[in-house]
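None of the values given here were measured: they were computed from a predicted structure.
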Amino acid sequence: MNIEVLAPAGDEERFTAAIDYGADAVYLGRKQFGMRASPMNFDYEQLCKAVQTAHARKIKVYLTCNTLPRNSEIPHFEKFVKEAMEAGVDALIVADIGLLMLIKKYAPDMEIHISTQTGIVNYVTANELYNMGAKRVVLARELSLDEISEIRAKTNPELDIETFVHGAMCVSFSGRCLLSQYLVNRDANRGECAQPCRWGYHLMEEKRPNEFFPVFEDEKGTYILNSKDMCMIEHIDKLAKAGVTSLKIEGRAKSAYYVAVVTNAYRMAVDYYYKEPDNFILPEWIRDEVYKVSHRKYCNGFFFGVPEESQYYENSGYIRNYDVVAVVERCENGIVYCTQRNRFFAGDRVEVLAPSKRPVDLVLDKLYDENGEEINTANHAMMKFSFRSEHTFPKGTVIRKETT
């Protein structure tokens with residue numbers, strides 16, 4: 001079985017981006033029991049539709065229920081599980097042992113994945129969770145490739161091993177953070193993290209109130225809790241050798257553009273690996289794709305041991321060099337019909353990123369409105385426009401423009 005590319009889906013638009021751009025499986029949440037508490041996520045009807053759409057394309061759907069629920073929430077869990085079963089989801093992702101037992105009670109045939117929130121760092125825990133009914137363990141982010149290899153060697157071969165390979169990292173162990181709850185009463189373990197690790201901090205001396213001094217770990221500055229983002233796209237071969245079953249991309253709160261680009265990059269990287277598994281060298285143009293989304297500086301996490309340069313002290317902002325300017329709706333008779341996302345002008349140079357393809361550079365010499373009249377700019381949100389091209393692109397293809 002080939003390595004799975006597992007993509008995040010915070011809502012229907014992101015779900016579509018994930019499945020269009022090459023995900024083997026998608027993980028998503030509902031309004032309850034998920035680690036991303038927001039107005040997004042999926043209601044029951046949306047969940048049923050998503051599963052139906054994914055299964056028609058042989059893509060799996062995993063539903064999160066990986067919070068640590070309180071007593072008052074337990075009576076609602078039976079309905080949650082039964083609706084997941086009715087919708088046809090392929091697995092539930094769980095962190096709490098009590099919920100694991102309830103899933104086995106309410107849906108004995110449901111596949112169960114153990115969340116990274118559980119903090120699995122050794123083969124004994126992994127084996128015991130398998131004995132309790134888990135089909136997959138999502139390992140703690142703090143493990144090295146050598147440690148993952150040992151877990152693989154000393155666990156049942158029927159147990160899947162999943163690990164995060166790309167996206168934001170938490171300064172606390174496997175996301176078990178209390179900062180948000182302590183500072184702003186938003187519980188990170190219930191999907192409400194305010195990300196205080198990304199804030200800048202100052203020191204106040206008790207006898208000099210309201211006089212604030214910068215907190216310096218060293219000369220680099222004050223963002224002492226701010227982690228870099230993880231990126232392992234150049235190391236697919238090492239992850240495969242370690243026995244990883246599924247490559248998980250972080251980002252249910254990220255944009256549809258982020259989901260499309262990063263999923264596409266890992267899809268192409270995995271496919272390229274299987275072409276030459278013994279001589280894997282990632283093409284530079286595939287690697288460059290992960291730098292064309294909004295991101296913090298990258299590192300390799302803990303995969304090669306305790307990282308020395310995993311924090312970024314200067315600021316908590318993102319690096320953003322590209323904007324989505326349009327999405328392709330259809331192509332007919334040499335004309336590409338699109339919907340605008342951000343303002344751009346006739347004569348601009350853009351990149352068109354179709355699934356599993358190298359980006360195509362185009363200069364859009366002439367633009368036309370939906371009535372076929374020539375225009376100088378696409379400057380109205382979601383406006384329809386078109387341009388002529390010898391290329392054809394599938395529906396949903398992203399058109400982007402460099403901003404720097």
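In this structure, His113 has its ring center at least 6.0 angstrom away from the ring center of Tyr27. Proximity of the aromatic rings of Tyr298 and His166 is defined here by a centroid distance below 6.0 angstrom, and this criterion is met.
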Apply side chain to side chain contact (heavy atoms under 4.5 Å, CB included) to the pair Val352 and Lys357, showing each step before the final yes or no. CA-CA 9 Å; Val352 186; Lys357 302 289 185 181; over 6 Å; no
Checking side chain to side chain contact (heavy atoms under 4.5 Å, CB included) for the pair Thr163/Leu143: CA distance, chi angles, key distance, verdict? CA-CA 9 Å; Thr163 186; Leu143 292 177; over 6 Å; no
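Looking at Thr339 and Lys384, their side chains do bring a donor and an acceptor atom within 3.5 Å of each other. With 3.5 Å as the limit, one finds a donor-acceptor pair spanning the side chains of Glu86 and Tyr44. Using modelled atom types and a 3.5 Å distance limit, the side chains of Glu73 and Gln32 yield no donor-acceptor pair.
Salt bridge absent: Asp271 and Lys275 never bring a charged side-chain N and a carboxylate O closer than 4.0 Å. Under a 4.0 Å N-O distance rule, the pair Arg400/Glu289 qualifies as a salt bridge.
Tested against Ile249, the residues Leu6, Val259, Thr263 include a single side-chain contact (heavy atoms from CB on, under 4.5 Å) partner, Thr263. Exactly one of Lys395, Arg57, Arg267 qualifies for a salt bridge (Lys or Arg N to Asp or Glu O under 4.0 Å) with Asp20. That residue is Arg57. Across Tyr337, Tyr368, Phe344, a single residue satisfies ring pair (Phe, Tyr, Trp, His ring centres under 6.0 Å) together with Phe385, and that is Phe344.
Within the 4.5 Å cutoff, the side chain of Leu92 has no heavy atoms near those of the Leu99 side chain. Between Leu28 and Leu47 the shortest side-chain heavy-atom distance falls below 4.5 Å. Using a 4.5 Å heavy-atom cutoff, the side chains of Met101 and Met132 are in contact. Between Leu247 and Ile236 the shortest side-chain heavy-atom distance falls below 4.5 Å. Val363 is listed as a side-chain neighbour of Arg349, based on a closest heavy-atom distance under 4.5 Å. Proximity of Tyr266 to Ile233: side-chain heavy atoms (C-beta onward) are separated by under 4.5 Å at one or more points. Between Glu162 and Thr245 there is no side-chain heavy-atom pair separated by less than 4.5 Å. Proximity of Lys135 to Ile112: side-chain heavy atoms (C-beta onward) are nowhere separated by under 4.5 Å.
In this structure, Glu4 contributes its side chain and Asp24 its backbone to no donor-acceptor pair below 3.5 Å. Remark: the backbone N or O of Phe302 is not paired with any side-chain donor or acceptor of Arg141 at under 3.5 angstrom. When atom types are taken as modelled, the side chain of Asp348 and the backbone of Phe345 share a donor-acceptor pair closer than 3.5 angstrom. Judged purely by atom type and a 3.5 angstrom limit, Asn127 uses its side chain to pair as donor or acceptor with the backbone of Tyr123. Under the 3.5 Å distance criterion, the side-chain polar atoms of Thr403 are matched with a main-chain donor or acceptor of Asn321. Side chain of Ser389 to backbone of His391: a donor-acceptor contact under 3.5 angstrom is found. A donor-acceptor contact shorter than 3.5 Å links the side chain of His295 to the backbone of Val293. Under the 3.5 Å distance criterion, the side-chain polar atoms of Gln46 are matched with a main-chain donor or acceptor of Asp43. Listed for the Gln340 side chain is a donor-acceptor partner under 3.5 Å among the backbone atoms of Met382. Side-chain atoms of Thr116 come within 3.5 Å of backbone atoms of Leu139 as a donor-acceptor pair (strictly under, hydrogens ignored).
In Arg152, the CZ atom is crowded: over 12 heavy atoms of neighbouring residues, nucleotides or ligands sit closer than 6.0 Å. Counting heavy atoms of neighbouring residues, nucleotides and ligands inside a 6.0 Å radius, atom CZ of Arg388 does not exceed 12 of them. With a 6.0 Å radius and a threshold of 12 heavy atoms from other residues, nucleotides or ligands, Asn376 has its CG atom at or below the threshold. Within a 6.0 Å radius of CD in Gln52, other residues, nucleotides and ligands contribute 12 heavy atoms or fewer. Dense packing is recorded around CD of Glu332, with more than 12 heavy atoms of other residues, nucleotides or ligands lying under 6.0 Å away.
Between Ile120 atom CD1 and Ile151 atom CD1 the span is 8.0 Å, to the nearest 0.5 Å. Rounding to the nearest 0.5 Å places CZ of Phe393 at 10.0 Å from CG of Leu353. Between Cys299 atom SG and Asp229 atom CG the span is 8.0 Å, to the nearest 0.5 Å. Taken to the nearest 0.5 Å, the CZ atom of Arg330 stands 14.0 Å off from the OG1 atom of Thr397. We find the OH-NZ distance between Tyr257 and Lys292 to be 7.5 Å, quoted to the nearest 0.5 Å. We find the OG1-CG distance between Thr118 and Asn66 to be 8.5 Å, quoted to the nearest 0.5 Å.
Considering every non-hydrogen atom in both Phe164 and Val138, the closest pair reads CE1-CG1, 4.1 Å. Closest non-hydrogen pair, Arg341 versus Val324, comes out as CB-O, 3.7 Å. Contact detail for Tyr273 and Ala240: the closest heavy-atom pair is OH-CB, 3.5 Å. Between Ala260 and Val398, the shortest heavy-atom distance links the atoms CB-CG2, 4.5 Å.
Note on ring orientation: taking the six-membered ring where Trp is involved, the planes of Phe77 and Phe80 are parallel (angle under 30°, cut-offs 30° and 60°).
For the pair Lys238 and Phe303, the cation does not sit on the ring face, since its NZ or CZ is not both under 6.0 Å from the ring centre and inside 45° of the axis.
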